[in-house]
Amino acid sequence: MTTQKKTEVPAAGGFARVHARFGWTLLFVSLAFGSVLETLEGFRWVSLVSDPWKQRLWSLAHFHGAALGLLNLIYVHWADTAGLSEGRRTAASRMLRIGSAAMPLGFLLGGIAHPEGDPSLGIILAPVGALFVLYTVAVQTLAVWRRSA
């Protein structure tokens with residue numbers, strides 16, 4: 001009986017590994033939530049189909065969670081870039097992860113127990129999360145333009 005050797009994949013750097021784990025986890029949670037949401041819509045769950053705000057905000061939570069999970073997976077390539085100082089890399093990584101969690105969470109909370117015609121107060125997390133994500137995108141954009149000049 002022979003045993004096969006497993007080929008080791010080189011370990012990704014610190015921030016890259018964190019974003020790979022975070023991205024896959026966020027993508028899984030968001031797609032699972034979307035599947036549940038579609039099932040509830042398919043069975044015409046009264047609490048969901050009778051509340052257009054809840055339906056819209058929860059769909060936005062699903063979409064943004066999945067899209068930001070993919071963004072974190074794409075960011076793995078640039079997470080440990082030498083074009084940024086250690087402090088900037090740390091801040092950009094942290095801001096992307098916080099923003100990626102806050103934005104879909106804001107949409108989700110905005111659809112729970114909201115007053116008539118308005119989202120609940122939890123929606124405030126969505127624009128805050130967007131600003132955090134935009135910070136990381138801006139920092140990386142500037143780094144790319146500086147490197148190519």
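Quick caveat: nothing in here was measured; it's all calculated off a predicted structure.
No more than 12 heavy atoms of other residues, nucleotides or ligands sit less than 6.0 Å from atom CD1 of Ile124. Atom CD1 of Ile112 is surrounded by more than 12 heavy atoms from other residues, nucleotides or ligands within 6.0 Å.
By the criterion of side-chain heavy atoms lying less than 4.5 angstrom apart, applied directly or through intervening Ile, Leu, Val, Met, Phe, Trp or Tyr residues, Tyr135 is not grouped with Phe22; the two fall into different hydrophobic clusters. Linking Ile, Leu, Val, Met, Phe, Trp and Tyr residues whenever their side-chain heavy atoms come within less than 4.5 Å leaves Val36 and Leu31 in two separate clusters. Linking Ile, Leu, Val, Met, Phe, Trp and Tyr residues whenever their side-chain heavy atoms come within less than 4.5 Å leaves Val29 and Leu108 in two separate clusters.
Side-chain contact between Gln140 and Leu84: present, with at least one pair of heavy atoms (C-beta onward) separated by less than 4.5 Å. Val18 places a side-chain heavy atom less than 4.5 Å from the side chain of Arg97. The shortest distance between side-chain heavy atoms of Val128 and Met103 does not fall below 4.5 Å. In this structure, the side chains of Leu27 and Leu70 come closer than 4.5 Å at one or more pairs of heavy atoms. Counting heavy atoms from C-beta on, the side chains of Pro115 and Asp118 come closer than 4.5 Å. For the pair Trp45 and Thr39, the minimum side-chain heavy-atom distance is 4.5 Å or more. Side chains of Asn72 and Val76 form no contact here, defined as non-hydrogen atoms less than 4.5 Å apart. When side chains are defined from C-beta on, Arg88 counts as touching Ser85, because their heavy atoms get closer than 4.5 Å.
Atoms OG and CG, from Ser100 and Leu105 in turn, are 12.0 Å apart once rounded to the nearest 0.5 Å. Put simply, CG on Leu125 and CG on Leu109 are 6.5 Å apart, with the number rounded to the nearest 0.5 Å. Atoms CD and CZ, on Glu38 and Phe33 in that order, are 10.5 Å from each other to the nearest 0.5 Å.
Although no hydrogens or angles enter the test, the distance criterion places no donor-acceptor pair under 3.5 Å between the side chain of Trp58 and the main chain of Phe107. Of the possible polar contacts, one joining the Thr136 side chain to the Leu96 backbone as a donor-acceptor pair under 3.5 Å is found. For the pair Ser120 (side chain) and His114 (backbone), a donor-acceptor distance under 3.5 Å is absent.
Of all heavy-atom pairs spanning Pro52 and Ser50, the tightest one is CD-O, 3.5 Å. Of all non-hydrogen atoms in Ala92 and Val139, the two that sit nearest each other are CB-CG1, 4.4 Å. Considering every non-hydrogen atom in both Gly129 and Ala102, the closest pair reads CA-CB, 3.9 Å.
Every residue two or more places apart in sequence or in another chain that forms a ring-ring contact (aromatic ring centres under 6.0 Å, His included) with His19 is listed here: Tyr75. For the salt bridge (charged side-chain N to carboxylate O under 4.0 Å, His left out) test, residues two or more places apart in sequence or in another chain that qualify with Arg89 are Glu86.
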For residues 59-68, dump all side-chain donor-acceptor pairs below 3.5 Å to protein atoms at least two apart in sequence or in another chain.
unit_1	atom_1	unit_2	atom_2	d
Ser59	OG	Gln55	O	2.9
His62	ND1	Ser30	O	2.9
His64	ND1	Leu60	O	2.9

